[in-house]
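Written out below as structure tokens is the structure these notes cover.
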Amino acid sequence: MTESVKASRRAEQARATRRRIIEGARELFLQQGYAATTLDQIAARAGVAVQTVYFHFGNKRTVLKEVMDVLAVGDDAPVPLLERPWIQQIRDEPDARRALGIWLRNDRDIYGRVAPMLSIVRDAAGADPEMAEQWRINQHQRYLAHRTLAEILAAKKALRRGLTVQHAADIIFSLVSPEVYLLLTAEREWSPAQWQRWLTGTITQAILR
């Protein structure tokens, strides 16, 4: 066996270990919350030593962040959200309304995966200053993603006359938010499909020609 093959196998084994830890942590966070979950419990659920959890993640906050990151993109491949194939599909789509539809369909998929964890993250941010800072960072990253959408739509000459990219990004950021998603789907018992239809119509009316 060559050294490159050995290195490849070690990398895959490490990735599989990270996946088990992330999945075990997700299950525990949902079952008992962030504060009550310990790294020892996460290690036991994943079938690894607690030192392995420390080696891969360092602390519980990073474990939670990684859980949310994997849920957001749907896998553990090291490809950022804005470099996913569906983003390029949006860039290539000449019709702005269809491009917006592709984005919101993927947002629906993302929230469908992360929704059960959103209250866990929100509660953790309220109790842990470092988690609150991570929430702030996540919000900023979410804004940058929605500004990217606004820029794509502006490049298609699709924004309403007089509407700036920044204003369009602010509108999208506010409407396509976890708070609104939870309010409508959890509190008001809308289906994700209802949320998507409402959002499509509302954003189209608010920002598109």
Output every pair passing side chain to side chain donor-acceptor pair (under 3.5 Å) with a member in residues 162-171, not counting sequence neighbours, ordered by first then second residue. none
Rounded to the nearest 0.5 Å, what separation is found between the CZ atom of Arg91 and the OG1 atom of Thr148? 6.5 Å
Could you pull out every donor-acceptor pair under 3.5 Å between side chains of residues 43-55 and any protein atom, sequence neighbours left out?
residue: Arg45; atom: NH1; partner: Glu27; partner atom: OE1; Å: 2.8
residue: Arg45; atom: NH2; partner: Gln31; partner atom: OE1; Å: 3.2

Distance in Å, Met131 CE paired with Asp123 CG, rounded so as to fall on 0.5 Å steps: 10.5 Å
So does Arg9 pair up with Glu12, basic N to acidic O under 4.0 Å? no
Leu159 and Ala154 have their tightest heavy-atom pair at CD1-CB, 3.7 Å
Applying side chain to side chain donor-acceptor pair (under 3.5 Å) as the test, list every pair that has at least one member in residues 109-120; sequence neighbours left out. none
Does any N or O in the side chain of Glu187 come within less than 3.5 Å of the main-chain N or O of Leu184, such that one atom is a donor and the other an acceptor? no
Between CD of Gln139 and CG of Leu144, what distance do you get to the nearest 0.5 Å? 11.5 Å
Are Leu104 and Leu82 linked, directly or through other ILVMFWY residues, by side chains that come within less than 4.5 angstrom of each other? yes
N/O donor-acceptor pairs under 3.5 Å from side chains in residues 69-81, not counting sequence neighbours:
residue: Asp69; atom: OD2; partner: Lys65; partner atom: NZ; Å: 2.7
residue: Asp75; atom: OD1; partner: Ala77; partner atom: N; Å: 2.9
residue: Asp75; atom: OD1; partner: Arg84; partner atom: NH1; Å: 3.2
residue: Asp75; atom: OD1; partner: Arg84; partner atom: NH2; Å: 3.0
residue: Asp75; atom: OD2; partner: Arg84; partner atom: NH1; Å: 2.8
residue: Asp76; atom: OD1; partner: Arg15; partner atom: NE; Å: 3.3
residue: Asp76; atom: OD1; partner: Arg15; partner atom: NH2; Å: 2.9
residue: Asp76; atom: OD2; partner: Arg15; partner atom: NE; Å: 3.1
residue: Asp76; atom: OD2; partner: Arg19; partner atom: NH1; Å: 3.2

Do Ile203 and Phe173 share a hydrophobic cluster, counting only Ile, Leu, Val, Met, Phe, Trp and Tyr and linking them when any side-chain heavy atoms are less than 4.5 Å apart? no
Among pairs that include at least one residue of residues 157-167, which meet salt bridge (charged side-chain N to carboxylate O under 4.0 Å, His left out), considering only residues two or more places apart or in two chains? none
Once side chain to side chain donor-acceptor pair (under 3.5 Å) is applied, do any residues pair with Thr202, and if so which ones, sequence neighbours excluded? Trp198
Among pairs that include at least one residue of residues 189-209, which meet salt bridge (charged side-chain N to carboxylate O under 4.0 Å, His left out), considering only residues two or more places apart or in two chains? none
By side chain to side chain contact (heavy atoms under 4.5 Å, CB included) - contacts of Ser177 (at least two apart): Arg142, Glu179, Val180
I'd like to know if Leu183 and Ile172 are part of one continuous hydrophobic network [Ile/Leu/Val/Met/Phe/Trp/Tyr, side-chain heavy atoms within less than 4.5 Å]. no
Are Leu30 and Leu182 grouped together when hydrophobic residues (ILVMFWY) are joined by side-chain heavy atoms under 4.5 angstrom apart? yes
Thinking salt bridges, do Arg18 and Glu66 make one under a 4.0 Å N-O criterion? yes
To the nearest 0.5 Å, tell me how far Leu28 CG sits from Thr38 OG1. 8.0 Å
Look at Glu23 together with Arg20 and state whether they make a salt bridge at an N to O cut-off of under 4.0 Å. no
Can you tell if the side chain of Leu118 reaches within under 4.5 Å of the side chain of Met68, non-hydrogen atoms only? yes
Quick note, ring pair (Phe, Tyr, Trp, His ring centres under 6.0 Å) partners involving residues 63-86, not counting sequence neighbours, are Trp86-Trp103
Cut-off 3.5 Å, no hydrogens considered: what does the side-chain donor-acceptor table look like for residues 57-64, sequence neighbours left out?
residue: Asn59; atom: OD1; partner: Arg61; partner atom: N; Å: 3.2
residue: Asn59; atom: OD1; partner: Thr62; partner atom: N; Å: 2.8
residue: Asn59; atom: OD1; partner: Thr62; partner atom: OG1; Å: 2.9
residue: Lys60; atom: NZ; partner: Tyr34; partner atom: O; Å: 2.8
residue: Lys60; atom: NZ; partner: Thr37; partner atom: O; Å: 2.7
residue: Arg61; atom: NE; partner: Glu130; partner atom: OE1; Å: 2.8
residue: Arg61; atom: NH2; partner: Glu130; partner atom: OE1; Å: 2.5
residue: Thr62; atom: OG1; partner: Phe57; partner atom: O; Å: 3.4

Sequence-distant partners of Asp128, side chain to side chain donor-acceptor pair (under 3.5 Å), two or more places apart: none
Give the minimum heavy-atom separation between Ile21 and His56, together with the two atoms involved. CD1-CD2, 4.3 Å
Using modelled atom types and a 3.5 Å cut-off, is there a donor and acceptor pairing between side-chain atoms of Lys156 and backbone atoms of Glu151? no
Would you check if there is a donor-acceptor pair between the side chains of Gln41 and Gln32 at a distance under 3.5 Å? yes
Report yes if the side chains of Asp107 and Leu199 come closer than 4.5 Å at any heavy-atom pair, otherwise no. no
State the CG-CD1 distance between Leu100 and Ile90, to the nearest 0.5 angstrom. 8.5 Å
Set of residues satisfying ring pair (Phe, Tyr, Trp, His ring centres under 6.0 Å) with respect to Trp135, sequence neighbours excluded: none
CG (Leu175) and OG1 (Thr200) are apart, to the nearest 0.5 Å, by 11.0 Å
Look at the side-chain heavy atoms of Ile, Leu, Val, Met, Phe, Trp and Tyr, link any pair under 4.5 Å apart, and say whether Trp195 and Ile171 land in one connected group. yes
